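A quick note: this is a predicted structure, and the numbers were derived from the prediction, not measured.
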There are 2 protein chains.
Amino acid sequence: MINVRDKKLIQKFGYHLRELRTSAGFTQEQLANDADIPINQVGRIERGEINPTLSTLNALSRALNKTLPQLVDFPVSVE
Amino acid sequence: MINVRDKKLIQKFGYHLRELRTSAGFTQEQLANDADIPINQVGRIERGEINPTLSTLNALSRALNKTLPQLVDFPVSVE
DNA sequence: TATTATAAACACATATATGTGTTATTATGC
DNA sequence: GCATAATAACACATATATGTGTTTATAATA
């Protein structure tokens, strides 16, 4: 069972990914195709429903023409 | 079933994590305690056996006093 | 209204990450 | 040799990510 902190983390990443995707002018379908992952997976990640793995993050970064560090460069709560 | 590319990715990350941990002078047990994850998990990640999730990566980065982008800043094959 | 594009929301199976144990191995020091 | 520390290597249960499919919702546009 995922805890509150992790829930917030994946939600924040979801918003971040959506921002990167829309800024790049991609639809979910385009991103999914380029990253070679199911379109549903993209939607679930953007909505903060799932906790993506390293390999999925890497695939997304490649599709967005970014490095992995760039992809995960988003504000994480410190507390 | 994980593919060859992803297998290489998580192996490289495993080496990288081990390098960060030993450079910081931590044992697997210390890192596991600080990150609040099982020690076995740390070993499996370092050996490239598993594909860690975003929340696990975040926990490791915190325990290593690094940012998430810093933690995942390792050479990824381009091909 | 009807059509199209986009995204959300479902269901479901399967692979696997996580979490908890225990035991074995590999050093390193006495 | 014997201990101790550190890591590896198992087994196992459970939660969940992935992957595939279908259906619904929403918005824009003709």
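- One can place CG of B:D36 at 8 Å from P of C:dG19, the figure rounded to the nearest angstrom.
- Rounded to a whole Å, the CG atom of A:L57 is 8 Å from the P atom of D:dT18.
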task = Please test B:F13 against B:V76 for side chain to side chain contact (heavy atoms under 4.5 Å, CB included), starting from the C-alpha separation and ending with a verdict.
result = CA-CA 9 Å; B:F13 177 71; B:V76 177; over 6 Å; no
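- Residues A:L64 and A:F26 have side chains in contact (heavy-atom distance under 4.5 Å, counting atoms from C-beta outward).
- Put simply, the side chain of A:S61 gets close to the backbone of A:N58: a donor and an acceptor are under 3.5 Å apart.
- Distance CD1 (A:I45) to C1' (C:dA7): 15 Å, rounded to an integer number of Å.
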message = Treating primed atoms plus P, OP1 and OP2 as sugar-phosphate and everything else as base, which nucleotides of nucleotides 8-16 of chain D get B, S or - for protein heavy atoms under 4.0 Å?
response = SBB----SS
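- Counting only residues at least two apart or in different chains, salt bridge (Lys or Arg N to Asp or Glu O under 4.0 Å) contacts with residues 38-55 of chain A comprise A:R18-A:E46, A:R21-A:E46, A:R47-A:E49.
- For the OP1/OP2 pair of D:dT18 and a distance below 4.0 Å, the side-chain nitrogens and oxygens of A:T53 include at least one atom meeting the criterion.
- Using modelled atom types, one side-chain atom of A:Q70 and one backbone atom of A:T67 make a donor-acceptor pair closer than 3.5 Å.
- What separates CZ of B:F26 from C1' of D:dA5 is a distance of 17 Å, to the nearest Å.
- The side chain of A:T56 has D:dT18 as its nearest neighbour among C:dT20, D:dT18, C:dT6.
- Following rounding to the nearest Å, B:I39 (CD1) and D:dT7 (P) show an atom-to-atom distance of 7 Å.
- Residues satisfying the side-chain contact (heavy atoms from CB on, under 4.5 Å) criterion with A:I2, sequence neighbours excluded, are A:D6, A:K7, A:I10, A:N51.
- Computed from coordinates, the A:Q30 CD to C:dT6 C1' distance equals 11 Å when rounded to whole Å.
- To the nearest angstrom, C1' of D:dA17 lies 14 Å from CD1 of B:I10.
- When the P atom of D:dT7 is taken as reference, atom CG of B:L31 falls 10 Å away, rounded to whole Å.
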